[in-house]
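These notes concern the structure reproduced below.
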Amino acid sequence: MKKLLASYGRDEEFRAVVEQIIADEEKKNNNVLARSLRKTLENIGVSPAPATAGLSRLVPFPDEAKDFIQRVEPRHTSQDIVLSHENLEQFVSLIQEFRQADRLKRHGLSVRSKLLFCGPPGTGKTLCAEVFAAELGLPFFHVRLDSLISSYLGETASNIRKTFEFARRQPCVLFFDEFDALARSRDESGEHNELRRVVNSLLIFIEQIAPSGFLIAATNLDQHLDPAIWRRFDEVIWFELPDTGMIRKYLTHAFKNSKIAFDPGVFAEELKGYSYADLEKLCVQTLKTSILDGSKQVNDAHFRSALRQAKRRRRRESQIEGGRLTG
Ligand SMILES: Nc1ncnc2c1ncn2[C@@H]1O[C@H](COP(=O)(O)OP(=O)(O)O)[C@@H](O)[C@H]1O
Ligand SMILES: [Mg+2]
């Protein structure tokens with residue numbers, strides 16, 4: 001019976017299970033039941049493949065949640081992301097688990113479905129969540145924590161409950177970006193008691209939910225992350241700034257559709273400390289410079305010109321950052 005239920009929606013598997021039940025009944029000499037089951041099976045016929053094969057059904061979205069949850073149409077695919085070997089392996093394994101959840105469940109095992117993405121800005125946490133949803137054919141929902149928290153503080157405490165209820169029923173990737181806002185507010189004391197209460201209740205929801213897709217939270221904090229937070233997740237995935245090997249890989253990838261008259265890889269060493277987002281800006285600027293130059297090929301000079309701008313930008317940013325830290 002369990003197998004029969006688990007095969008719901010998959011015609012072939014369903015039929016195989018029914019055949020097995022019929023065979024068992026025949027063995028037990030329950031021929032009347034066996035014949036009747038076979039007749040019923042024959043009458044079911046083959047259901048036509050749904051138009052959205054591979055895509056999940058959509059559960060009505062709670063109206064109250066519109067202010068803080070947004071459906072985002074994925075625009076990127078796995079072709080657009082450069083991943084470390086380690087993370088690639090992680091994602092392949094997660095996807096495999098999800099796709100074969102039934103097999104695991106039959107053994108009483110659950111799928112890892114609550115993920116925490118940690119790492120500095122611009123290393124692909126948001127991009128990866130989007131690509132992950134696209135790869136799985138799951139709708140991608142973005143939770144805006146700031147609005148969620150303020151709406152919670154306001155009047156609608158049940159919004160959070162509805163959000164989680166939605167994620168329990170709707171196979172989707174529910175993405176909490178900028179989760180650090182939450183992580184940080186846990187530290188704040190005294191007058192922020194109310195906020196802390198909200199945060200704690202959110203964490204309890206996270207702990208208790210068994211999403212029918214995935215719940216992913218992303219944070220820029222790493223070592224300072226409160227254990228009370230990361231232990232609610234099934235898996236913590238680290239995103240790092242690219243090393244020279246990954247920088248080279250990214251540069252090759254960034255110019256794959258352009259005619260280039262230089263080897264961008266020679267700049268890899270000089271670009272240490274740049275995030276993927278920085279590298280992306282640099283490469284886009286290089287292409288623009290080359291186009292505006294009326295050039296048929298992207299060359300070394302275009303890259304250097306964009307690199308000078310990138311360096312100036314980084315200097316300014318680090319000054320601002322430094323100013324903020326010292327006072
Ligand atoms: N690993 C990566 N591979 C390719 N491009 C990336 C990667 N990480 C970031 N980018 C580029 O930088 C942009 C910003 O990255 P994002 O995912 O928002 O970083 P984060 O969420 O870690 O701050 C992305 O839209 C993408 O263009
Ligand atoms: Mg992000």
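Remember, it's 1-based here, ligands and their atoms both numbered in the order they're listed.
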Worksheet item: Out of Phe166, Phe175, Phe176, which one pairs with Phe141 under the ring-ring contact (aromatic ring centres under 6.0 Å, His included) rule?
Response: Phe166
Discussion item. Surrounding CD of Glu86 (heavy atoms of other residues, nucleotides or ligands, distance under 6.0 Å), is the total greater than 12?
Written reply: no
Discussion item. Quick one about Glu269 and Thr244 (side-chain donor to acceptor, distance below 3.5 Å, no hydrogens or angles considered), yes or no?
Written reply: no
Worksheet item: Do Arg316 and Gln319 meet the criterion of a side-chain donor-acceptor pair at a distance under 3.5 Å?
Response: no
Worksheet entry | Within the 4.0 Å heavy-atom sphere of ligand 1, strictly under, residues | Asp80, Ile81, Val82, Pro120, Pro121, Gly122, Thr123, Gly124, Lys125, Thr126, Leu127, Tyr250, Tyr276, Ala277, Glu280
Item to complete: Have a look around the Mg ion (ligand 2) and list protein N/O/S atoms under 2.8 Å, or say none.
Response: Thr126 OG1
Worksheet item: Checking side chain to side chain donor-acceptor pair (under 3.5 Å) against His302, which of Thr286, Asp293, Thr289 comes through?
Response: Asp293
Item to complete: Report yes or no: do Gln70 and His142 form a side-chain donor-acceptor pair below 3.5 Å?
Response: no
Item to complete: Evaluate whether atom NZ of Lys3 has more than 12 neighbouring non-hydrogen atoms of other residues, nucleotides or ligands under 6.0 angstrom away.
Response: no
Worksheet item: With under 30° as parallel and over 60° as perpendicular, where do the rings of Phe233 and Phe179 fit, or are they tilted in between?
Response: perpendicular
Worksheet item: Hey, mind stepping through Gln100 and Arg103 against side chain to side chain donor-acceptor pair (under 3.5 Å) and telling me if it holds?
Response: CA-CA 6 Å; Gln100 304 196 42; Arg103 282 177 75 185; 2.6 Å; yes
